[in-house]
Visitor: 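Encoded as structure tokens, here's the structure I'll be asking about.
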Amino acid sequence: MSTPLKLTDAARTFRKSPTPWMIAAMLVAATASRIALGNWQITDALVPLVMIVVFPFVEWTIHVFILHWKPRKVAGITIDSRLARSHREHHASPRTVPLIFIPWQTLLIVIPVLAAIALLVFPRIELALTFLTCISVIGLIYEWTHFLIHSDYKPKTDLYKSVWRNHRNHHFKNEHYWFTVTTAGTADRMLGTYPDPKSVETSPTAKNLHGATSNL
């Protein structure tokens with residue numbers, strides 16, 4: 001009988017990926033800058049609260065419309081992002097560790113774009129830094145949770161067990177449902193993608209998103 005995977009062992013593997021380090025670097029930079037500037041206001045407390053409420057829906061939207069993007073040809077050119085390609089590979093080989101993480105090449109673009117958008121959208125630079133700090137924390141939680149679900153670590157709490165089961169249903173039962181990763185029964189329930197697993201047929205394309213069309 002094999003020894004159950006410990007969190008410390010999982011963490012050692014997690015640390016080997018460049019993605020967590022890139023997000024952690026953004027977290028350190030944003031947090032240090034935010035503390036240095038001071039000028040704390042009530043809106044700095046509201047930002048994380050709003051983000052916690054909104055994130056399941058953001059996660060669902062990204063998963064449905066970006067990660068599950070179906071390749072399309074426009075004027076003879078195939079429109080297909082690195083994220084979508086990587087996600088199809090992840091479905092085909094869900095235990096391959098590098099495919100579990102957001103591609104570091106994508107983060108090289110996403111991190112500066114997020115910073116630029118935050119500085120443009122928020123009325124105060126301090127509030128923009130609060131947002132960047134929070135999104136970094138959320139990003140690390142997302143990556144850790146997603147990695148852990150695809151590892152050999154066994155659920156020990158009811159909360160994690162529900163998240164674990166939700167995402168594994170997406171991978172091994174039917175890829176058209178259960179799109180949230182860090183939560184279960186939130187956005188999926190409200191957006192109609194949280195059926196009783198017993199009522200859903202096992203999809204023949206769960207490991208081959210879009211079937212043959214993925215090779216367009």
Side-chain angles (χ1 to χ4, degrees), residues 13-14 17-20 22-23 54-110 113 138-153 155 160-216:
T13 301
F14 182 76
S17 171
T19 298
M22 294 172 73
I23 299 174
V54 170
F55 182 70
F57 298 93
V58 173
E59 189 176 47
W60 188 97
T61 300
I62 291 173
H63 201 161
V64 172
F65 295 106
I66 297 178
L67 300 186
H68 280 232
W69 169 266
K70 185 176 181 179
R72 293 169 174 82
K73 282 192 175 181
V74 178
I77 300 174
T78 300
I79 308 299
D80 193 22
S81 70
R82 179 185 292 275
L83 269 175
R85 295 195 304 271
S86 177
H87 194 69
R88 290 197 297 273
E89 292 173 2
H90 172 52
H91 267 265
S93 184
R95 288 182 58 85
T96 300
V97 173
L99 297 175
I100 295 172
F101 297 97
I102 300 170
W104 64 267
Q105 300 93 333
T106 298
L107 283 184
L108 285 177
I109 299 172
V110 169
V113 167
I138 289 173
L140 283 174
I141 292 173
Y142 170 88
E143 290 291 74
W144 172 245
T145 303
H146 191 212
F147 165 75
L148 211 57
I149 290 170
H150 288 281
S151 74
D152 291 326
Y153 179 75
Y160 175 62
K161 189 177 294 184
S162 65
V163 171
W164 179 88
R165 185 184 301 111
N166 190 75
H167 192 58
R168 292 181 75 87
N169 278 337
H170 174 75
H171 272 277
F172 303 110
K173 182 68 175 178
N174 195 304
E175 76 276 20
H176 301 295
Y177 304 100
W178 308 291
F179 288 105
T180 58
V181 176
T182 57
T183 60
T186 53
D188 276 311
R189 188 185 298 276
M190 295 186 68
L191 296 172
T193 52
Y194 192 69
D196 181 346
K198 295 178 181 178
S199 69
V200 177
E201 293 185 0
T202 299
S203 170
T205 55
K207 285 195 171 186
N208 180 23
L209 297 187
H210 319 308
T213 60
S214 63
N215 294 319
L216 281 176

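Below, each value reflects all heavy atoms present in this structure, side chains not excepted, and no hydrogens, waters or symmetry copies.
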Visitor: Within the 4.5 Å heavy-atom criterion, are Thr78 and Arg72 side-chain neighbours or not?
Guide: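 They are not in side-chain contact.
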Visitor: Between Glu89 and Leu99, what is the shortest heavy-atom contact and its length?
Guide: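 Of all heavy-atom pairs spanning Glu89 and Leu99, the closest is OE1-CD2, 3.3 Å.
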Visitor: Extract all donor-acceptor atom pairs below 3.5 Å that involve side chains of residues 184-192 and protein atoms in other chains or at least two apart in sequence.
Guide:
residue, atom, partner, partner atom, Å
Thr186, OG1, Thr183, OG1, 2.7
Asp188, OD1, Trp60, NE1, 3.2
Asp188, OD1, Phe179, N, 2.9
Asp188, OD1, Thr193, OG1, 2.4
Asp188, OD2, Phe179, N, 3.0
Asp188, OD2, Thr180, N, 2.9
Asp188, OD2, Thr180, OG1, 2.9
Arg189, NE, Gly185, O, 3.1

Visitor: Quick one: salt bridge (charged side-chain N to carboxylate O under 4.0 Å, His left out) pairs with a partner in residues 90-99, sequence neighbours left out?
Guide: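 Of all non-adjacent pairs touching residues 90-99, those that pass salt bridge (charged side-chain N to carboxylate O under 4.0 Å, His left out) are Arg95-Asp152.
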Visitor: Can you name the side-chain contact (heavy atoms from CB on, under 4.5 Å) partners of Ser199, sequence neighbours left out?
Guide: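 Counting only residues at least two positions away or on another chain, Ser199 forms a side-chain contact (heavy atoms from CB on, under 4.5 Å) with Pro195, Asp196.
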Visitor: Measuring only between side-chain heavy atoms, which start at C-beta, is Trp69 closer than 4.5 Å to Ile79?
Guide: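 Of all side-chain heavy-atom pairs linking Ile79 with Trp69, at least one is under 4.5 Å.
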Visitor: With rounding to the nearest 0.5 angstrom, report the CG to OH distance, Asn166 to Tyr160.
Guide: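 OH of Tyr160 is found 12.0 Å from CG of Asn166.
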Visitor: Would you compute the distance between atom OG1 of Thr106 and atom CE of Met22 and round it to the nearest 0.5 angstrom?
Guide: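 Reported to 0.5 Å precision, the distance equals 9.0 Å.
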Visitor: If we only count heavy atoms from C-beta on, is the His171 to Trp178 side-chain gap below 4.5 Å?
Guide: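 Side chain of His171 against side chain of Trp178, heavy atoms only: no contact under 4.5 Å found.
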Visitor: Determine, using ring centers only, whether His170 and His176 are less than 6.0 Å apart.
Guide: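 No, ring centres 6.0 Å or more apart.
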Visitor: Could you tell me the separation between the CD1 atom of Ile102 and the CD1 atom of Ile23, rounded to the nearest 0.5 Å?
Guide: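 Those atoms lie 5.0 Å apart.
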Visitor: Are any of the side-chain nitrogens in Asp80 or Arg88 under 4.0 Å away from the carboxylate oxygens of its partner?
Guide: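 Salt bridge present between Asp80 and Arg88.
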Visitor: Rounded to the nearest 0.5 Å, how far apart are CZ of Arg165 and CZ of Phe172?
Guide: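 Spacing of CZ (Arg165) from CZ (Phe172) equals 14.5 Å.
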Visitor: Kindly indicate whether the side chain of Lys207, heavy atoms from C-beta on, has any atom under 4.5 Å from the side chain of Glu175.
Guide: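 Side chain of Lys207 against side chain of Glu175, heavy atoms only: no contact under 4.5 Å found.
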Visitor: Give, for atom OH of Tyr153 and atom CH2 of Trp164, the distance between the pair rounded to the nearest 0.5 Å.
Guide: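 Spacing of OH (Tyr153) from CH2 (Trp164) equals 12.5 Å.
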Visitor: Report yes or no: does His91 contribute a side-chain atom to a donor-acceptor pair with the main-chain N or O of Ala206 at less than 3.5 Å?
Guide: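 Yes, His91 side chain to Ala206 backbone: donor-acceptor pair under 3.5 Å.
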Visitor: Return the set of residues passing side-chain contact (heavy atoms from CB on, under 4.5 Å) with Val113 (not counting sequence neighbours), or none when no residue passes.
Guide: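 For Val113 the side-chain contact (heavy atoms from CB on, under 4.5 Å) partners, ignoring immediate neighbours, are Ile109, Ile117.
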Visitor: For residues Leu148 and Ser151, report the shortest heavy-atom separation together with the two atoms involved.
Guide: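 Taking Leu148 first and Ser151 second, the nearest heavy atoms are O-OG, 2.7 Å.
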Visitor: When you compare the side chain of Phe55 with that of Thr182, does any pair of heavy atoms fall below 4.5 Å?
Guide: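 They are in side-chain contact.
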Visitor: Donor-acceptor check, side chain of Thr96 to backbone of Pro98, threshold 3.5 angstrom: yes or no?
Guide: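 Judged by distance alone, no pair lies under 3.5 Å.
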Visitor: Could you grab the distance from atom CD of Glu59 to atom CD1 of Ile138, nearest 0.5 Å is fine?
Guide: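 These two atoms lie 9.5 Å from each other.
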Visitor: Just wondering, do Thr13 and Phe147 contact through their side chains at under 4.5 Å, heavy atoms?
Guide: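 Sidechains of Thr13 and Phe147: in contact.
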Visitor: Could you check whether the rings of His63 and His87 sit parallel, tilted or perpendicular, using 30° and 60° as the cut-offs?
Guide: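 His63 and His87: perpendicular rings.
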Visitor: Is there a donor-acceptor contact under 3.5 Å from the side chain of Asn174 to the main chain of Val200?
Guide: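 No, because the side chain of Asn174 does not come within donor-acceptor range (under 3.5 Å) of the backbone of Val200.
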Visitor: When you compare the side chain of Tyr177 with that of Pro197, does any pair of heavy atoms fall below 4.5 Å?
Guide: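 Not touching, per the 4.5 Å side-chain cut-off.
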Visitor: Using side-chain contact (heavy atoms from CB on, under 4.5 Å) as the criterion, list what pairs up with Gln105, not counting sequence neighbours.
Guide: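 Partners of Gln105 under the side-chain contact (heavy atoms from CB on, under 4.5 Å) test: Arg82, Pro103.
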Visitor: Only one of Thr61, Leu67, Ile62 clears side chain to side chain contact (heavy atoms under 4.5 Å, CB included) with Phe65; which?
Guide: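 For Phe65, the side chain to side chain contact (heavy atoms under 4.5 Å, CB included) check succeeds only for Thr61.
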Visitor: Under a 3.5 Å threshold, yes or no: a donor from one side chain and an acceptor from the other, between His68 and His210?
Guide: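 Absent: no donor and acceptor within the cut-off.
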Visitor: For Ser17, give me all partners under side-chain contact (heavy atoms from CB on, under 4.5 Å), at least two apart in sequence or on another chain.
Guide: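 Residues passing side-chain contact (heavy atoms from CB on, under 4.5 Å) with Ser17: Thr19, Pro20, Phe101.
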